[in-house]
Amino acid sequence: QVQLVESGGGLVQPGGSLRLSCRVSGSAFSIFNIYDMAWYRQAPGKQRDLVAAITTRGATNTASSVKGRFTISRDNTKNTVYLQMNSLKPEDTAIYYCNAHCAPGSWCRINDYWGQGTQVTVSS
């Protein structure tokens with residue numbers, strides 16, 4: 001089965017930077033041709049919200065709360081999706097989840113895959 005393995009979370013000071021990685025494994029095909037990839041985050045007591053997404057065509061979308069600070073990208077040769085986070089704020093503190101969602105027009109036996117989540121804490 002497809003697995004999403006995340007890394008890169010940790011403790012960082014306000015204004016600092018962090019890069020999250022999501023390694024995709026277990027597929028017999030290029031998942032980036034079938035699934036849109038995204039990063040979500042969930043703070044304590046709040047709903048899980050979309051942070052950024054990149055489609056099978058390479059188009060990106062970033063939530064207004066992180067626009068200009070966060071950048072989503074992918075490396076097809078490494079089957080890895082990244083989230084570069086700059087100018088971090090305390091309100092960015094959350095568990096960050098990697099997600100693969102069956103793209104419109106694609107046929108998928110399973111519509112969604114989720115990573116285990118990685119904790120990002122922004123604090124002095």
Side-chain angles (χ1 to χ4, degrees):
Q1 64 173 23
V2 172
Q3 289 186 320
L4 277 54
V5 181
E6 302 164 345
S7 62
L11 176 64
V12 65
Q13 295 183 357
S17 297
L18 206 62
R19 188 181 75 165
L20 306 183
S21 298
C22 174
R23 171 74 188 280
V24 180
S25 64
S27 63
F29 51 88
S30 178
I31 190 172
F32 298 148
N33 294 134
I34 307 296
Y35 289 83
D36 297 330
M37 306 299 298
W39 287 95
Y40 288 75
R41 69 184 182 185
Q42 186 169 23
K46 297 184 178 180
Q47 295 183 343
R48 186 175 299 185
D49 294 325
L50 177 67
V51 177
I54 182 167
T55 72
T56 58
R57 299 179 301 173
T60 60
N61 178 52
T62 308
S64 60
S65 59
V66 303
K67 193 177 297 292
R69 300 188 297 119
F70 290 11
T71 303
I72 188 171
S73 63
R74 69 188 183 203
D75 187 332
N76 294 340
T77 64
K78 297 180 179 179
N79 292 324
T80 301
V81 179
Y82 303 97
L83 184 67
Q84 179 65 48
M85 305 184 293
N86 298 325
S87 302
L88 283 162
K89 305 174 181 179
E91 51 262 44
D92 295 319
T93 296
I95 301 176
Y96 284 71
Y97 298 90
C98 184
N99 166 256
H101 180 72
C102 186
S106 297
W107 183 92
C108 308
R109 186 171 62 87
I110 298 175
N111 281 335
D112 283 276
Y113 294 97
W114 290 91
Q116 78 285 356
T118 184
Q119 177 71 48
V120 173
T121 302
V122 185
S123 176
S124 298

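What you see is a predicted model; the values in this text were computed from it and never measured. Heavy atoms only: backbone and side chains are in, while hydrogens, waters and symmetry mates are out.
Rounding to the nearest 0.5 angstrom, the gap separating the OG1 atom in Thr56 from the CZ atom in Phe32 is 11.5 Å. Taken to the nearest 0.5 Å, the CG atom of Asn61 stands 11.0 Å off from the CD1 atom of Ile54. Rounded to the nearest 0.5 Å, atoms CD (Gln84) and OG (Ser21) are 9.5 Å apart. To the nearest 0.5 angstrom, Arg109 atom CZ is 12.0 Å from Cys102 atom SG. Interatomic distance, Ser87 OG to Phe70 CZ, rounded to the nearest 0.5 Å: 9.0 Å. Distance OG/Ser25 to CD/Gln1: 9.5 Å, rounded to 0.5 Å.
The side-chain heavy atoms of Asp92 and Met85, taken from C-beta on, include no pair separated by under 4.5 Å. Between Ile31 and Val2, the closest side-chain pair of non-hydrogen atoms falls below 4.5 Å. With contacts defined as side-chain heavy-atom distances shorter than 4.5 Å, the pair Tyr35/Tyr113 qualifies. Under the 4.5 Å side-chain criterion, counting only non-hydrogen atoms from C-beta, Arg41 is in contact with Ser65. Between Thr93 and Ser123 there is no side-chain heavy-atom pair separated by less than 4.5 Å.
Considering Val81, Ile72, Thr118 in turn, Thr118 is the only one that fulfils the side chain to side chain contact (heavy atoms under 4.5 Å, CB included) rule with Leu20. Partner of His101 under the side-chain hydrogen bond (donor to acceptor under 3.5 Å, both in side chains) criterion, chosen from Asp36, Thr55, Asp112: Asp112. The only member of Leu4, Asp75, Thr80 that meets side chain to side chain contact (heavy atoms under 4.5 Å, CB included) when paired with Arg23 is Thr80.
The number of heavy-atom neighbours closer than 6.0 Å to CD of Glu91, taken from other residues, nucleotides and ligands shown, is above 12. With a 6.0 Å radius and a threshold of 12 heavy atoms from other residues, nucleotides or ligands, Lys67 has its NZ atom above the threshold.
In terms of hydrophobic clustering, with Ile, Leu, Val, Met, Phe, Trp and Tyr side chains grouped at heavy-atom distances under 4.5 Å, Tyr96 and Val12 are assigned to a common cluster.
Its side chain within the 4.5 Å cluster rule, Ile95 clusters with Tyr40, Leu50, Tyr97, Trp114 among the Ile, Leu, Val, Met, Phe, Trp and Tyr residues.
The nearest pair of heavy atoms linking Val120 to Gly9 is CG2-CA, 4.2 Å. Of all heavy-atom pairs spanning Met37 and Cys98, the tightest one is CE-SG, 4.1 Å.
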Tyr82 and Cys22: CA distance, side-chain angles, deciding distance, side-chain contact (heavy atoms from CB on, under 4.5 Å) verdict: CA-CA 6 Å; Tyr82 303 97; Cys22 174; over 6 Å; no
